[in-house]
**Student:** 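Pasting a structure below so you can have a look.
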Amino acid sequence: MAHQLSLDVNGRAAHLTVDDPDTPLLYVLRDDLGLHGPRFGCGLGQCGSCTVHVDGQAVRSCITPVSGLKPGARIVTLEGLGGPDRLHPVQAAFIEEQAAQCGYCINGMIMQSAALLNENPKPDETAIRQALAQNLCRCGTHLRIVRAVRRAAGTL
Amino acid sequence: MNAPLLSRRNLLLQGGALVVGFALSGRNAQAQIFAPVATDGFSKPVAPDQVDSFLALGADGRATIFSGKVDLGTGIETAMAQIAAEELDLPLDRVTVVQGDTALTPDQGPTYGSLSIQKGGVEIRQAAATARARLVQLASERLGLPADALATENGTVRPKSGGKAINYAELVRGGRLDLKVDPAVATKDPATFALVGKSVARIDIPEKITGRFTYMQDYRVPGMVHARVVRPPTIGARLESVDEASVASVPGLIKVVRQGNFLAVVTEKEWAAVKAAGLIKATWSKWEGLPEQDKLWQHVRATKVTKDDVTSSTGDAEAALGQAARTLEASYDFAIHTHGSIGPSCAIAVFADGLLTCWTASQMTHALRKQLAAMTGLAPEAVRCIYVEGSGCYGRNGHEDAAGDAALLARAVGRPVRVQWSRADEHGWDPKGPPTLIDLKAGLDGQGNVSAWSSQFHVPEGAAGNVPLVAADLAGLPHETALAPGNVIQNSALPYAFPNVRTVCHRLATTPFRPSWIRTPGRMQNTYANEAFLDECAAAAGADPLDYRLRALKDPRGIAVLKRVAEIAGWQARTPPVKEASGDVLRGRGISYVKYELNRTYVAGVAEVEVDRGTGRVRVPRFFVVQDCGQIINPDGVRNQLDGNVIQTVSRVLMEEVTFDRGAVTSLDWASYPILAFPDVPEVVSDLIDRPTEKPWGAGEPSAAIVPAAISNAIFDATGARLRSVPFTPAKVKAALQAT
Ligand code: FES
Ligand code: FES
């Protein structure tokens, strides 16, 4: 059953038709809109690598069926958060701290942290670690990630 | 980094072969995408003795480096660029690195064993130095000046006395250098290094941070369709029947592919493949060939031994044990582990005109090419594997298997096929770090020094080479089974000078799951047993564990890392355990040391632990680590690896264990196979001993080796209980506490 969809993705209107209303947002972003920021890690809401912002909230796009999105929902992905010539402060801090190894988890780390800083602009280290507790990294980049978030918050 | 870099990378990824005009001598790079490797006279040389195999100097003043070693997220791309730029006297941003393309890059061996810099980087350094010497020679002929009157600088050769500089591009006009790599070539004096030894920013990070990077999982080719594999419910189950009607309603279904026990669904869109893989009805035979998990170690002991490797033999350990003032005996075990890549494996293959092209995140594209050739019956020359970076793999995970799946499916449907593994595919079907069991005995003399040491390691027979591809196995296709003994026996022998030592590895004919290497294979498990058991000896001797090691160590570089780690950790000499009498949380610290494979990188570490007496829960709040890997290429990159090794291994030691029933893995997601998360990640305090005039050694693995024993020793220091079975779960810790 085809499902019509109107979204605001990174500030642009996107009108799409999907075959299946259960299609998770992640697949629409990656396969229909060709975005590379949100990543497939588990499809189970366990790792955080697919995180995007929906109306300002950090959301696991792998378990967000498009049928559950409000028409015109505002989606921001890592690409939309900031680009090479206008980096978001969290992105700039991640580069400054060289906070990546393979970088596969980093989309989730940045999107989750940016959402945290929107709500709590000066989190301490414990609050940062708590906010990222559901975001997994296997390369062991955690410490640089925490430092980058502190840098972005101006508390380093 | 900047816009030109983005477009170069995209060009590379889309064209398959950016390779500056001259290297492909006029061929249309776009046409190479499905390319003709053997049949069309591809002109880029790849023989490892040729300079042109490793580098090309473009007319635009840029250099392209062709690296057989690939960046698995460890920063190798940047380090290779640093080495080449240094040796060529080029600015770093004028170097591009092409990695792991069997048509373009020399076969420098798989990216494993901490050899990328040590072997791959040194080969690139020699090629670049040979090229630079030739450039100087060409300029000398052109200018009529002796070579020693010339200097290279910023991509030019110029007379030292002043005068006009000549661009490299002018000197190599018309193409190749046609030159053999001179292994004896003079490389730069480390005292003059401008880039090597400096913490330059990684080339790939800006794109990864802004969502512009193309991972394997993002890669797309025109006309591509999507597939998901449907693995058997048990490892050995046979596929009896498939009900194709069960997926008939899935939109865009192209084909249900069945070959032997291999089953997959292919669809136009990706989500449809996920749906179809969940909906498809198939019947499989019963199979219960796995051992019972709680009898795993009995199973390992009962497994047929095919041969014994004696890895060291000094004096007469048996006799000396008989004469010792005191003897100790213990067994250590290390559970079956998965790699745990955050992104499940993915690959794309296209099969056209009898040629197979495969985009893969494989750490060993050249070896994979042979495997795919064997599986498909093609000549290796008709197969091209192109590396595209994926999620970090930490050894041989599922990347190669996904490539095998894609190759089989591309042939079956006649279109480019992208295969994306699910989380359960990765956790369930990546080859596993094998179970490791180690029995040790030691004898102490009257002073408490080790007079005899005898150890036996139970490790798989084949643990390297080419792990059989799942697709070939399930479909009953031919294998390329160059299963090599590998290096899992490394570091079973000791770095200490004890008078009577015998260390033996019993090579087991089978292991419950396909074995492969997980980061620091064998060296991690073996060092764990050796360094923890040595701590038992120190405790029995009433000695300080650091002092006890230093007494038996003759190697000055080893002594230096141990002393340095003691310094940064504020180590106070005393005899463990401290065993505070009161309080719920007990604190302790433990030390550990490795000389990697007994012939390279030195690492020493100190773990601090907190043990909750009530729950048995262990935390590692802080870990100190010091490494000497000889000449360091990128210190910040090495520190990143130290953090990574420590954190990943703390996770392995405290939490990780593959669970299984009689048929298959049951830990199929992050809930059933949890890994360390932010709140429990230790602070890592690291220090590097740089030795610019020494050989550069590997840094990707060695520091993982010291972590398990440091934690076990710290728990003993805190509690007096000895943990000998990884993972150190709360239940095991509680049981050990009760027993002391
Ligand atoms: S991919 Fe969405 S949480 Fe893992
Ligand atoms: S950087 Fe590789 S998973 Fe986090």
Side-chain angles (χ1 to χ4, degrees), chain A residues 18-20 22-24 27-28 30-32 34-44 46-47 49 77-85 87 91-92 94-95 98-107 110 126 128-146, chain B residues 1-3 6 72-75 201-202 204-215 217-218 220 226 251-252 269-272 274-275 339-344 389-394 420 422-423 636 640-641 643-648 651 669-671 675-679 681 683-684:
Chain A
V18 293
D19 296 328
D20 175 358
D22 293 345
T23 307
Y27 291 84
V28 170
R30 289 179 54 78
D31 292 334
D32 295 314
L35 293 166
H36 290 188
R39 322 207 55 73
F40 172 69
C42 65
L44 305 165
Q46 294 177 339
C47 74
S49 55
T77 71
L78 185 60
E79 291 95 333
L81 196 66
D85 37 13
L87 293 169
Q91 290 173 321
F94 270 67
I95 293 174
Q98 293 284 291
Q101 291 186 51
C102 79
Y104 201 88
C105 67
I106 293 297
N107 167 71
I110 294 176
T126 309
I128 296 168
R129 285 181 178 237
Q130 277 311 326
L132 293 172
Q134 310 296 322
N135 287 73
L136 301 180
C137 172
R138 184 56 159 173
C139 293
T141 314
H142 307 73
L143 299 171
R144 288 178 182 226
I145 292 168
V146 171
Chain B
M1 188 162 284
N2 48 24
L6 293 181
L72 304 171
T74 55
R202 262 172 57 172
D204 53 329
I205 283 185
E207 290 178 42
K208 288 178 173 176
I209 296 302
T210 54
R212 269 72 175 171
F213 193 83
T214 300
Y215 288 93
Q217 285 85 348
D218 303 315
R220 300 288 184 270
H226 293 270
K269 295 197 70 176
E270 185 176 10
W271 175 247
V274 178
K275 271 240 149 155
H339 298 82
S341 301
I342 295 297
E389 187 175 335
S391 186
C393 61
Y394 329 105
Q420 169 68 67
S422 69
R423 175 47 48 204
D636 189 63
N640 212 350
Q641 292 304 293
D643 278 6
N645 271 321
V646 169
I647 293 167
Q648 186 178 104
S651 177
D669 63 9
W670 296 117
I675 60 173
L676 201 69
F678 274 91
V681 164
E683 211 41 60
V684 178

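Proteins get letters first, then strands, A, B, ... in listed order; numbering begins at 1 in each. Keep in mind that the numbers below use all heavy atoms, side chains included, and drop hydrogens, waters and symmetry copies. Quick caveat: nothing in here was measured; it's all calculated off a predicted structure.
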**Student:** Quick check: closest heavy atoms across B:Phe678 and A:Ile145, and the distance to 0.1 Å?
**Tutor:** CZ-CG2, 3.8 Å
**Student:** Looking at A:Asn107, A:Leu132, A:Leu81, A:Leu87, which one has more heavy-atom pairs under 4.5 Å with chain B than the rest?
**Tutor:** A:Leu132
**Student:** What is the distance from atom CG of B:Asp204 to atom CD of A:Gln101, rounded to the nearest 0.5 Å?
**Tutor:** 11.0 Å
**Student:** Quiz question: by atom type and distance under 3.5 Å, do the side chains of B:Trp271 and A:Asp20 form a donor-acceptor pair?
**Tutor:** yes
**Student:** If I take atom OG1 from residue A:Thr23 and atom CD from residue B:Glu270, how far apart are they, to the nearest 0.5 angstrom?
**Tutor:** 11.0 Å
**Student:** Just verifying a value: how many Å separate B:Gln420 CD and A:Phe40 CZ, rounded to the nearest 0.5 Å?
**Tutor:** 5.5 Å
**Student:** Could you tell me whether a side-chain N or O of A:Arg138 sits under 3.5 Å from a main-chain N or O of B:His339, the two making a donor and an acceptor?
**Tutor:** yes
**Student:** Under 4.0 Å between a side-chain nitrogen and a carboxylate oxygen: does that hold for B:Lys269 and A:Asp19?
**Tutor:** no
**Student:** Select, from B:Val681, B:Val646, B:Val684, the one with the greatest count of heavy-atom pairs under 4.5 Å involving chain A.
**Tutor:** B:Val681
**Student:** Is there a donor-acceptor pair under 3.5 Å between the side chain of B:Asn640 and the backbone N or O of A:Thr141?
**Tutor:** no
**Student:** Among B:Tyr215, B:Phe213, B:Tyr394, which residue satisfies the ring-ring contact (aromatic ring centres under 6.0 Å, His included) criterion with A:Tyr104?
**Tutor:** B:Tyr215
**Student:** Please enumerate all residues that pass salt bridge (charged side-chain N to carboxylate O under 4.0 Å, His left out) together with A:Arg129, with sequence neighbours excluded.
**Tutor:** A:Glu125, B:Glu683
**Student:** Verify, without hydrogens or angle tests, whether A:Gln130 (side chain) and B:Pro679 (backbone) share a donor-acceptor contact under 3.5 angstrom.
**Tutor:** no
**Student:** Among B:Asp218, B:Ile647, B:Asp636, B:Thr74, which has the most heavy-atom pairs under 4.5 Å with chain A?
**Tutor:** B:Asp218
**Student:** Rounded to the nearest 0.5 Å, what separates atom CD in B:Glu207 from atom CD1 in A:Ile95?
**Tutor:** 10.5 Å
**Student:** Go through the atoms of B:Val274 and report whether side chain, backbone, both or neither lie under 4.5 Å from a heavy atom of chain A.
**Tutor:** side chain
**Student:** Heavy atoms only, distances under 4.5 angstrom: which of B:Pro344, B:Pro251, B:Cys393 has the most pairs with chain A? Name it, please.
**Tutor:** B:Pro344
**Student:** Counting C-beta onward and ignoring hydrogens, is there a side-chain heavy-atom pair between B:Lys208 and A:Ile106 closer than 4.5 Å?
**Tutor:** no
**Student:** How long is the straight-line distance from CZ of A:Arg39 back to CD1 of B:Ile342, given to the nearest 0.5 Å?
**Tutor:** 12.0 Å
**Student:** Looking at B:Gly343, B:Ser422, B:Ser651, which makes the most heavy-atom pairs under 4.5 Å with chain A?
**Tutor:** B:Gly343
**Student:** Rounded at 0.5 Å granularity, tell me how far CD1 in B:Ile205 sits from CD in A:Gln98.
**Tutor:** 4.0 Å
**Student:** Who wins among B:Gly75, B:Ser341, B:Ser391, B:Gly252 for the most heavy-atom pairs under 4.5 Å with chain A?
**Tutor:** B:Ser391
**Student:** Below 4.5 Å from any heavy atom of chain B, which atoms of A:Asp22 appear? Answer side chain, backbone, both or neither.
**Tutor:** both
**Student:** Against chain B, label A:Leu136 side chain, backbone, both or neither, depending on which of its atoms sit under 4.5 Å from a heavy atom there.
**Tutor:** both
**Student:** Between B:Leu72 and A:Cys102, what is the shortest heavy-atom contact and its length?
**Tutor:** O-CB, 4.1 Å
**Student:** Tell me every residue that passes side-chain hydrogen bond (donor to acceptor under 3.5 Å, both in side chains) with A:Gln46, counting only those two or more places apart in sequence or in another chain.
**Tutor:** B:Asp669
**Student:** Of all of B:Gly644, B:Ala671, B:Gly392, which one pairs up most often with chain A through heavy atoms under 4.5 Å apart?
**Tutor:** B:Gly644
**Student:** Are the side chains of B:Arg220 and A:Asp31 in touch, meaning some heavy atoms are under 4.5 Å apart?
**Tutor:** yes
**Student:** Could you tell me if the side chain of B:Arg212 sits less than 4.5 Å from the side chain of A:His36, heavy atoms only?
**Tutor:** no
